[in-house]
Amino acid sequence: MIARLLACTALSLAVALPASAATDAEVIDLAAAQVRAKATVAQMQPAEKVVITHGIMPLPGGGPKVDIPKDAIVGAGYVSGIDRLGIPALRETDASLGVSWAGGARGDWSTALPSAVAQAASWNPALIQRGGAMIGAEARAKGFNVLLAGGVNLARDPRNGRTFEYFSEDPLLSGILAGAAIRGVQSNHIISTIKHFALNGQETARKYVDVQITPGAAHESDLLAFQIGIEQGQPGSVMCPYNRVHGSQACDSDWLLNKVLKQEWGYKGFVMSDWGAVPSIQTAINGLDHQSGEQLDPGVFFGSQLSAKAAADPVWRARLDDMNTRVLTAIYAAGLDKHPAPPGGAIDWDGHAAVAEETAKQGIVLLKNEGGALPLSKTVKSIAVIGGYADGGVLSGAGSSQVMGKGGPAAKLPVAGSGIWAGFISESYHRSSPMAAMKAQAPGATMLYRQGQYIKDAAELAARSEVAVVFATQWMTEGLDVPDLSLPRGQDALIEAVAAANPNTIVVLETGGPVKMPWLGKVKGVVEAWYSGARGGEAIASVLFGQTNPSGRLPVSFPADESQLPRPRLDGSDWVEPDFGGNPKNGKDQLKADYNVEGSDLGYRWFARTGKKPLFAFGHGLSYTNFSRTKPAIKGLSASIGVKNTGPREGAEVVQLYLVQRAGEAKRRLVGFGRIELAAGASGKVAMTIDPRLLADWKDGLWTMPGGDYVLATGSDAETLDTPVTLRMKARSWKN
Ligand code: BGC
């Protein structure tokens with residue numbers, strides 16, 4: 001029932017979808033595919049039962065040497081097929097933002113979507129589904145039939161090096177958007193993962209950090225994001241990560257894999273390991289179905305070793321059949337055997353770039369706009385463009401999700417590692433110049449550029465110009481967290497100096513997630529552009545000059561500083577060698593992360609609970625027009641909110657509905673949202689169905705809602721709420 005209710009959550013009746021939005025993706029039916037999978041397993045010879053249970057990383061120079069079969073494609077993973085049974089080989093590539101570059105080993109290019117947090121800022125599931133369909137089409141055209149996408153970990157700490165790869169700090173928003181992305185990917189008859197299950201909240205020391213959290217708090221937060229994402233997206237596979245949970249590695253966690261995923265949620269697809277995350281063969285009994293990138297593990301456990309166990313022990317035999325059934329269920333559900341993906345398919349580069357550009361436009365968040373400084377006038381005489389390699393391109397995040405656009409990077413700075421790994425950890429800029437796009441918007445303006453290394457020189461240029469636009473970057477990567485939320489390389493001082501020299505200073509942020517802004521009071525405007533993808537430069541210029549009316553809303557809270565966070569210090573950096581694998585120095589291998597500090601109250605919920613004021617609240621985002629909202633009309637779990645565009649031009653509003661009090665207890669939870677596009681003066685309605693799990697707490701296998709008054713309010717962000725409405729609810733509890 002909950003799944004059905006959820007299908008309607010966040011529905012905005014009035015949302016205007018882009019013409020080619022992939023709204024009609026076939027729903028993957030894992031249950032139906034399972035019947036066929038069981039029939040195939042019944043025909044398997046014992047030796048055939050350990051073929052699809054494990055795979056290699058077909059990457060020359062990527063870790064320990066391995067023989068790469070001829071039909072493999074260089075990328076993240078390869079799993080042999082079984083011709084006799086018509087089972088196709090699996091060719092796996094990363095990730096959620098496009099077909100990744102694999103350190104350059106394949107020598108091809110792909111279309112980069114904006115970062116996931118940028119996508120999430122659109123609060124637009126239909127758009128995100130379209131993005132998923134786009135990257136899935138590219139994966140398919142290149143011959144891949146598994147996309148290691150669906151990153152949905154919650155942003156528990158904004159310093160997490162993969163913040164850019166994940167959607168948000170909120171379970172509802174993250175789950176709905178991940179589900180949409182997965183639907184899009186799988187509409188190409190390829191399998192998508194959802195990852196990394198679960199509680200994979202930091203990168204530094206990722207292989208050793210041991211997460212402590214009560215089952216209740218986990219179900220109400222990180223696990224809920226996965227649960228919703230799985231219900232909405234039906235991914236063929238779930239990837240378990242490196243971190244430990246309650247002492248076990250996540251890929252060896254009976255609690256996560258058997259109890260929660262398979263028993264409680266009834267998940268029918270397969271669990272694949274992250275690359276190098278399998279400690280032993282015992283993981284099979286604890287719920288792991290497939291060993292990926294096996295040469296990175298201490299042993300190939302899911303081949304002949306598994307065969308021997310199955311031959312000797314009926315428990316292992318049954319498990320092995322189940323493992324095969326699950327992998328085949330995913331293969332059949334997505335139709336991999338009936339719709340093979342031969343390499344060399346045509347790619348609609350322009351069409352795909354247009355999807356990336358639209359996503360960037362809808363994800364850009366206007367944080368500050370004093371005195372209507374933005375949009376810039378097209379007749380502006382002179383603009384000083386400063387910093388961020390804005391004359392060349394836009395920043396991207398690094399690691400296994402790194403995508404490289406056609407022609408390669410505009411600039412690429414090596415950061416860490418050697419050999420192929422250096423290609424995974426480099427600060428790379430997509431070839432989409434914001435400055436060139438700004439020139440196209442205002443051809444009459446004189447625009448001069450300074451990279452900003454010499455602050456005095458940049459400030460002098462700013463002083464001579466009518467407007468100064470500073471591009472400030474914060475690079476993030478998989479494998480490493482950022483030590484704090486400052487803008488690195490003296491950019492704060494650069495912004496201060498430019499703002500002191502020119503009263504019309506605008507800052508464009510290209511960051512992986514939240515950053516501190518000590519200069520905020522001194523600049524006129526701040527635009528959060530995130531990592532904006534293949535056409536980020538065009539999208540940024542379009543917002544700066546008002547061709548696009550910004551409609552992004554923050555999917556993560558921006559703290560004023562680190563002292564406001566549940567863990568003011570992110571542990572691990574003092575003893576872990578900063579590298580891709582998070583390997584320990586000094587032989588230490590235990591590090592506890594206590595998520596019970598905040599429990600399920602992370603992000604904006606933490607700010608509400610502690611009364612601390614963030615720099616910018618979750619949900620915040622300005623527009624070049626204004627909107628008014630009616631009081632929500634709520635009947636049962638259905639809510640409807642009227643919205644009017646009261647300003648001078650068309651724009652999009654994101655209606656956010658929060659629970660603020662439950663049975664006398666203060667709470668802050670997003671319970672529904674919907675995006676609506678309205679012409680100037682026009683009105684519309686946003687309808688949403690509240691997912692009751694957001695009103696409940698989880699304990700001992702049950703969701704429980706206390707009886708009493710439930711106070712809900714819409715708001716322009718999680719802190720700025722409209723007049724609330726009170727509903728009387730009966731006590732109830734239910735499973736799942
Ligand atoms: C990452 C995964 C990725 C895998 C394969 C790992 O390092 O954590 O997200 O899918 O590599 O490249």
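Note that ligands are numbered from 1 as they come in the structure, with each ligand's atoms numbered from 1 the same way.
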Novice: Does Gly299 offer a backbone N or O that forms a donor-acceptor pair with the side chain of Asp297 under 3.5 Å?
Specialist: no
Novice: Go through the side-chain N and O atoms of Ser221 and Arg156 and say whether any donor and acceptor fall under 3.5 Å apart.
Specialist: yes
Novice: Do side-chain atoms of Asn160 reach the backbone of Asp481 as a donor and acceptor pair under 3.5 angstrom?
Specialist: no
Novice: Compute the minimum heavy-atom distance from Met239 to ligand 1 and say whether it is under 4.0 Å.
Specialist: yes
Novice: Let me check something: any side-chain donor-acceptor pairs from residues 278-287 under 3.5 Å, sequence neighbours excluded? List them with distances.
Specialist:
from	atom 1	to	atom 2	distance (Å)
Ser280	OG	Gln282	N	3.1
Thr283	OG1	Ser280	O	2.7
Asn286	ND2	Asp252	O	3.3
Asn286	ND2	Asp252	OD1	2.9

Novice: Touching ligand 1 at all, Arg162? Heavy atoms, strictly under 4.0 Å?
Specialist: yes
Novice: For Trp275 and Phe424: C-alpha separation, side-chain torsions, deciding distance, then whether ring pair (Phe, Tyr, Trp, His ring centres under 6.0 Å) applies.
Specialist: CA-CA 14 Å; Trp275 275 232; Phe424 280 89; over 10 Å; no
Novice: Taking 4.0 angstrom as the limit and counting only heavy atoms of His196, give me the atoms of ligand 1 inside it, by number and element.
Specialist: 2 (C), 8 (O), 9 (O)
Novice: Should you measure from each heavy atom of Lys195, which atoms of ligand 1 turn up under 4.0 Å away?
Specialist: 2 (C), 3 (C), 9 (O), 10 (O)
Novice: Quick test of your reading of the structure: of Leu148, Asp94, Leu147, whose heavy atom lies closest to atom 3 (C) of ligand 1?
Specialist: Asp94
Novice: Indicate whether the side chain of Ser96 and that of Glu165 have a donor and an acceptor atom separated by less than 3.5 Å.
Specialist: no
Novice: Does even one non-hydrogen atom of Glu165 get within less than 4.0 Å of ligand 1?
Specialist: no
Novice: Could you tell me whether the side chain of Glu510 and the main chain of Thr473 form a donor-acceptor pair under 3.5 Å?
Specialist: no
Novice: Is a donor on one side and an acceptor on the other found under 3.5 Å between the side chain of Thr329 and the backbone of Thr325?
Specialist: yes
Novice: Does Arg206 come within less than 4.0 Å of ligand 1, judged by its heavy atoms?
Specialist: yes
Novice: Heavy-atom contacts with Trp275 under 4.0 Å: which atoms of ligand 1 show up? List them by number with element.
Specialist: 4 (C), 5 (C)
Novice: Is Met57 touching ligand 1 with its side chain, its backbone, both, or neither, if touching means heavy atoms under 4.0 Å apart?
Specialist: neither
Novice: Need the ligand 1 atom indices (1-based, order shown) with element for anything under 4.0 Å from a heavy-atom of Ala76.
Specialist: 5 (C), 12 (O)
Novice: Below 4.0 angstrom from a heavy atom of Asp274, which ligand 1 atoms are there? Numbered from 1 as shown, please.
Specialist: 1 (C), 2 (C), 3 (C), 4 (C), 6 (C), 7 (O), 8 (O), 11 (O)
